[in-house]
Structure formats: C-alpha cells, structure tokens
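Single-structure report; data block below.
Note that the numbering runs from 1 along the sequence shown for the chain.
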Amino acid sequence: QVQLVQSGGGLVQPGGSLRLSCAASRRIFSINTMGWYRQAPGKQRELVALITSGGSPNYADSVKGRFTISRDNAWNMLYLQIKNLKPEDTAVYYCNAGGSVDKPGDYWGQGTQVTVSS
C-alpha cells in the first residue's frame, strides 16, 4: 500500500539536475526520520540519504556533495535535490518514513524513475 506520495523524476542528461518530492500525512511525518532509497536494475536497494525529525542529514558516500535532502515540517514534505547527475544514478527512487541507517521504516512512496542518459 502506498503510504507516501512522490513526484518528480524523469529523463535527464548527465550533468543535469532534478528535484524529487514526497508528501506525507502529518501523523507519519511529524515524528519520523525520513529517507530516500534507490534501486537500479540488477542491484540491491540502497539507502541514499536520511534526515531526522530535527533536520540532521546523512548521505551515502556515492552521492555526498551532489545530493541534498531536506524537509518542510510545516507542509509535511520531503525533498531530494540532485545535481551533477551521473548515469550510475539511474534507478527507481523511493521515499521512506520511520527508518534508520540500519533498516528502512514501514512507510513507502510509490517510487519514481530517474534516468540519466545522453
């Protein structure tokens, strides 16, 4: 069941930028760490970034310096701003609520495709 509603994604050339959005209910959003995961064809799902309810971010080494996770607590929105996209960033991206660095939480978005290609 879709718990979070995502928007954004699409086809982007290498070096381009993109912003992903995720809308949650107040009940889910207000007390939870939020995160972004991605899964590329033939690869395991991986954690991209987390942000605590207090706004403290953590990033995977592969995206550090290029991806920025943020949240708007007033509107229950989660964002992932991506710059300098690379072909290896191509994946389905999912937002998640209630997780940690060890495992994802119980609430997932429907996923959105990001394709980086010339």
Q: Kindly say whether Gly111 contributes a backbone atom to a donor-acceptor pair with the side chain of Gln6 at under 3.5 angstrom?
A: yes

Q: Can you measure from CZ (Arg71) to OG1 (Thr52) and round to the nearest 0.5 angstrom?
A: 7.0 Å

Q) If you measure from CG on Leu4 to OG on Ser25, what distance do you get to the nearest 0.5 Å? A) 8.0 Å

Q. Taking C-beta and beyond as the side chain, do Val12 and Val114 meet within less than 4.5 Å on heavy atoms?
A. no

Q.
Can you give me the closest heavy-atom contact between Gly35 and Leu78, atom names plus distance?
A. O-CD2, 3.8 Å

Q) Taking it one step at a time, do Tyr37 and Trp108 satisfy ring-ring contact (aromatic ring centres under 6.0 Å, His included)? A) CA-CA 10 Å; Tyr37 290 76; Trp108 290 96; 5.4 Å; yes

Q) If you look only at pairs with a residue in residues 73-93, which of them pass as a ring pair (Phe, Tyr, Trp, His ring centres under 6.0 Å), with sequence neighbours excluded? A) none

Q: Please confirm whether the backbone N or O of Met34 pairs with a side-chain atom of Asn32, one donor and one acceptor, at under 3.5 Å?
A: no

Q. Quick check: does any side chain N or O of Arg19 sit under 3.5 Å from a backbone N or O of Gly9, one acting as donor and the other as acceptor?
A. no

Q. To the nearest 0.5 Å, what is the distance between CZ (Phe67) and CG (Asn84)?
A. 9.5 Å

Q) What residues, two or more places apart in sequence or in another chain, satisfy side-chain hydrogen bond (donor to acceptor under 3.5 Å, both in side chains) together with Glu88? A) none

Q | Shortest non-hydrogen contact between Leu47 and Val101, atoms and distance | A | CD2-CA, 4.2 Å

Q.
Are the side chains of Ser62 and Arg38 in contact, using a 4.5 Å heavy-atom criterion?
A. yes

Q. Is any side-chain heavy atom of Asn96 less than 4.5 Å from a side-chain heavy atom of Trp36?
A. no

Q. Do Tyr59 and Val48 come within less than 4.5 Å of each other through their side chains, counting heavy atoms only?
A. no

Q | Minimum-distance pair of heavy atoms, taken over all atoms of Phe29 and Asn73 | A | CE2-OD1, 3.0 Å

(Q) Restricting to non-hydrogen atoms, name the atom on Ser53 and the atom on Ser30 that form the minimum distance, rounded to 0.1 Å. (A) CB-O, 4.2 Å

Q. Is Asp89 paired with Lys86 through a side-chain N to carboxylate O contact shorter than 4.0 Å?
A. no

Q.
Quick check: do Ile51 and Thr33 have side-chain heavy atoms less than 4.5 Å from each other?
A. no

Q.
A side-chain contact here means heavy atoms from C-beta on lying under 4.5 Å apart; do Lys83 and Thr68 qualify?
A. no

Q | Flag, side chain of Thr112 to backbone of Gly8, donor-acceptor distance under 3.5 Å | A | yes

Q) From Ser21 OG over to Gln81 CD, what is the distance, rounded to the nearest 0.5 angstrom? A) 9.0 Å

Q. Is any side-chain heavy atom of Leu11 closer than 4.5 Å to a side-chain heavy atom of Ser117?
A. yes

Q: Before giving the answer on side chain to side chain contact (heavy atoms under 4.5 Å, CB included), spell out for Thr90 and Gln113 the whole-Å C-alpha distance, their side-chain angles and the decisive distance to 0.1 Å.
A: CA-CA 8 Å; Thr90 295; Gln113 178 72 46; 3.9 Å; yes

